[in-house]
Amino acid sequence: MSPTETAQSSSAPSRYMQGIAVPASSVNPREFFARTRRKTQAESSKVFAGLGQQDIFELKKTDVIAGLYIRFDGTVTSTPGSGSVATTARWPYDLIRQVRFTANGQSNIINVSGAKLKAREFMAKGDLNDRGISQSVAGSAVVNGTLSQACESWGVGSRQTAIAGGSYDVDLSWFVPIAEDQVDLAGAIFAATSSTDLTLTIDWASQADLFSFTGNGAASVAGSVQLVALRYSIPLGPDGQIVVPDLSVFHSLIQTRKSGIFSQGENEVTMVGQGAGKTLLRIYSQLWNGAGVGAPIVPNEDNLGRMAWRFGGNETPDEYPDAQVLRYINERMYNTDIGAVHGFWCHEFASENAFRDVVDLGTTSEWRQLLTILPAVTPTNMALESVVESIFSAGAGS
């Protein structure tokens, strides 16, 4: 039995947070933040399982865990043969087709693709931007909106055609935000008990997701995967009892994809997963279109007209005359043009004043977003990929 569990085994009343029993007297956020220490620690490293495969990480049962850094370090090899090799719009960040985090009986509280993780990192940190960082997109150098960091290497460009034969260095990173932020740690996980169950699963994209070929062209990806954990120590209070923050909520990022329902004109799409006890922080989306994998549509006044979100019968709190206006507002909030390359737009409720602006999904039934597809866009295999970011009660009892 660990020292933490010994401290919990006293006869003092317990409080259940995230399904874990903690002495009620130990829940003292002010004392915790005065005494805790942030710890960044290597969690695991393994050989990349391969395209279309899966890597699973069982996390160490210690401290309060608030985030995870994923790094892929490797190469992409192009072998055109007598044909050709090209990348799709999924390259490079959707190399992670799906990352899933499960904690203490809550299945897949984070379930998103790699590009959605990159977008969320820029949304959550207004002091982080990609301005001046050059990457190749569709054969052109792009210095804004790539969601890239200067220390990253894409190897080959996104939507690049006729890639020459050879191996190219790739170095990519993603941050998995287990806590909603690193200040109040809402949604962080109490991990210092044997009853904790923490699993991170990475489903890697298939070759067809990332590349297209003609003739006998081929491509492969190889490398290693590093997982680094961001944790906070669990201190002891003056009475020798452990001290923890209020961990009564989970933080969730859930991605959905809807297709086959879009046409030119106004379209309303209902949010999946509404219900009492959930608070909506933001919902961000891409509208994919085109043959094959397709590409995200740039949200501007030529492609998308009136944008809004609604609930109930026809209550519409936020409405924008076209997607360009929403894109302006998003860039002012995030200091990054999330729509330029990756086609994101966001209905944001937490970046400026979460206490005032977040949406109670228990009182806003039939939450849906409206998007107007303009004549310049012909729907072809069109699909809306959206991420709902929320916090929800983890349950309480005694």
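What's counted below: heavy atoms across the whole structure, side chains too, no hydrogens, waters or symmetry copies. Throughout, numbering of the chain's residues begins at 1 and tracks the sequence.
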| Would you say the side-chain atoms of D322 pair up with the backbone N or O of V325, donor to acceptor, closer than 3.5 Å? | yes

Query - Main-chain N/O of I109 paired with S252 side-chain donor or acceptor, under 3.5 Å - result: yes

Practice prompt. Might you work through the side chain to side chain donor-acceptor pair (under 3.5 Å) test for N300 and Q324, ending with a clear yes or no?
Written response: CA-CA 4 Å; N300 59 29; Q324 188 72 20; 5.0 Å; no

With a 3.5 Å distance limit and no angle check, can you tell me whether Q264 reaches the backbone of V377 through a side-chain donor-acceptor pair? yes

For a quick check under 3.5 Å, do T102 and T199 share a side-chain donor-acceptor pair by atom type? no

When every non-hydrogen atom of M333 is compared with those of S351, the smallest separation belongs to SD-OG, 3.7 Å

_Donor-acceptor under 3.5 Å (R368 side chain, G312 main chain)_ = yes

* Would you say V269 and I254 are hydrophobically clustered, going by side-chain heavy atoms of ILVMFWY under 4.5 Å? -> no

Residues, nucleotides or ligands: over 12 heavy atoms within 6.0 Å of R100 CZ: yes

*Answer yes or no: does atom CZ of R37 have more than 12 heavy-atom neighbours from other residues, nucleotides or ligands under 6.0 Å?*
no

Side chain of N267, backbone of G265: donor and acceptor closer than 3.5 Å?
yes

Between W288 and G294, the two heavy atoms sitting closest are CZ3-O, 3.6 Å

Donor-acceptor pair, distance only, cut-off 3.5 Å: does the side chain of T87 make one with the backbone of G157? yes

Q. What about L281 and I110, same hydrophobic cluster or not, with Ile/Leu/Val/Met/Phe/Trp/Tyr joined at side-chain heavy-atom distances under 4.5 Å?
A. no

**Message:** Whether the W204 and D55 side chains hold a donor-acceptor pair (N or O, under 3.5 Å, no angle test) is what I'd like checked.
**Reply:** yes

Check your understanding: Does any non-hydrogen side-chain atom of Q135 lie less than 4.5 Å from one of D130?
Key -> no

Check: K118 and E152 side chains under 4.5 Å, non-hydrogen atoms:
yes

When rounded to the nearest 0.5 Å, the distance separating CG of L200 from CD1 of I65 is 9.0 Å

Practice task
Would you check if D127 and N335 make a side-chain contact, meaning some heavy-atom pair closer than 4.5 Å?
Solution key: no

Between the OH atom in Y284 and the CD1 atom in I338, the distance rounded to the nearest 0.5 Å is 9.5 Å

What one should report as the nearest heavy-atom pair of L280 and S390 is CA-CB, 4.3 Å

Quiz prompt | Intermediate values then yes/no, side chain to side chain donor-acceptor pair (under 3.5 Å), S167 and T77 | solution = CA-CA 4 Å; S167 293; T77 300; 2.9 Å; yes

### Sidechain-backbone polar pair: K278 side chain, G273 backbone, donor-acceptor under 3.5 Å
yes

| said: Taking R131 first and then E331, would you say they form a salt bridge - that is, a charged N and a carboxylate O separated by under 4.0 Å? | reply: yes

With clusters defined by side-chain heavy atoms of hydrophobic residues (ILVMFWY) lying less than 4.5 Å apart, directly or transitively, does F48 cluster with V170? yes

*asked:* I want to check something: taking the side chain as every heavy atom from C-beta on, are V221 and F211 in contact at a cut-off of under 4.5 Å?
replied: yes

Is R257 atom CZ crowded by more than 12 heavy atoms from other residues, nucleotides or ligands, each under 6.0 Å away? yes

(Q) Applying a strict under-4.5 Å side-chain criterion to I, L, V, M, F, W and Y, I'd like to know whether Y320 and I373 cluster together. (A) yes

Item checked: Side-chain donor-acceptor pair present, Q255, N111, cut-off under 3.5 Å -> no

#### Entry: F311 vs E366, side-chain contact (heavy atoms from CB on, under 4.5 Å): CA-CA, chis, key distance, verdict
CA-CA 5 Å; F311 68 94; E366 293 299 311; 5.7 Å; no

query = With distance as the sole test, does D337 use its side chain to make a donor-acceptor pair with the main-chain N or O of G339 at under 3.5 Å?
reply = yes

CD of E31 to CG of L236, rounded to nearest 0.5 Å, is 10.5 Å

field: Donor-acceptor under 3.5 Å (D94 side chain, A115 main chain)
entry: yes

I'd like to know if K125 pairs up with E121 as an ion pair, taking the criterion as any Lys NZ or Arg NE/NH1/NH2 lying under 4.0 Å from an Asp or Glu carboxylate oxygen. no

Nearest heavy-atom approach of P177 to L253 is CG-CD1, 3.6 Å

Quiz item: Taking atom types as modelled and ignoring hydrogens, do the side chains of T256 and S386 form a donor-acceptor contact shorter than 3.5 angstrom?
Solution: no

Report yes if some heavy atom in the side chain of L59 is under 4.5 Å from a heavy atom in the side chain of L227; otherwise report no.
yes

- Query: Relative to the ring of Y93, is the ring of H342 parallel (under 30°), tilted (30 to 60°) or perpendicular (over 60°)?
  - Reply: tilted

Shortest non-hydrogen pair, S158 vs T88, comes out as OG-O, 3.6 Å

Query raised in the report: Is there side-chain contact between V341 and R159, with heavy atoms separated by less than 4.5 Å?
Result: yes

Start with the C-alpha distance between I163 and Y168, add both sets of side-chain angles, then the distance that settles side-chain contact (heavy atoms from CB on, under 4.5 Å), and finish with yes or no. CA-CA 10 Å; I163 300 171; Y168 304 87; 4.1 Å; yes

Paired with R310, the salt bridge (charged side-chain N to carboxylate O under 4.0 Å, His left out) test is passed by just one of E268, E319, E315, namely E268

Rounding to 0.5 Å, atoms CD (Q53) and CG (D203) come to a distance of 10.0 Å

Any donor-acceptor N/O pair, K46 side chain to I56 backbone, under 3.5 Å:
yes

- Message: Let's go through Q160 and W154 carefully: what are the C-alpha distance in whole Å and the side-chain angles of both, what is the deciding distance for side-chain contact (heavy atoms from CB on, under 4.5 Å) to 0.1 Å, and is it a yes or a no?
- Response: CA-CA 11 Å; Q160 181 174 336; W154 288 9; over 6 Å; no

Check: With side chains defined as the heavy atoms from C-beta onward, is the minimum distance between Q226 and D73 less than 4.5 Å?
Finding: no

Rounded to the nearest 0.5 angstrom, the OG1-CG distance for T372 and L374 is 7.0 Å

Between V27 and the options L247, V244, I242, the side chain to side chain contact (heavy atoms under 4.5 Å, CB included) test singles out V244

Subject >> From CA spacing to verdict: side-chain contact (heavy atoms from CB on, under 4.5 Å), R30, N28 >> reply: CA-CA 6 Å; R30 178 175 293 183; N28 188 334; 4.0 Å; yes

### Query
Looking only at side chains, do N216 and S82 share a donor and an acceptor under 3.5 Å apart?
yes

message: Under 4.0 Å between a side-chain nitrogen and a carboxylate oxygen: does that hold for E43 and R231?
response: yes

Taken to the nearest 0.5 Å, the spacing of R327 CZ from I329 CD1 works out to 13.0 Å

In terms of heavy-atom contacts, D246 and P29 come closest through N-CG, 3.8 Å

Is the shortest heavy-atom distance from the side chain of V388 to the side chain of W367 under 4.5 Å? no

- Item | same_hphob_cluster(V137, V76) at 4.5 Å side-chain heavy-atom cutoff | yes

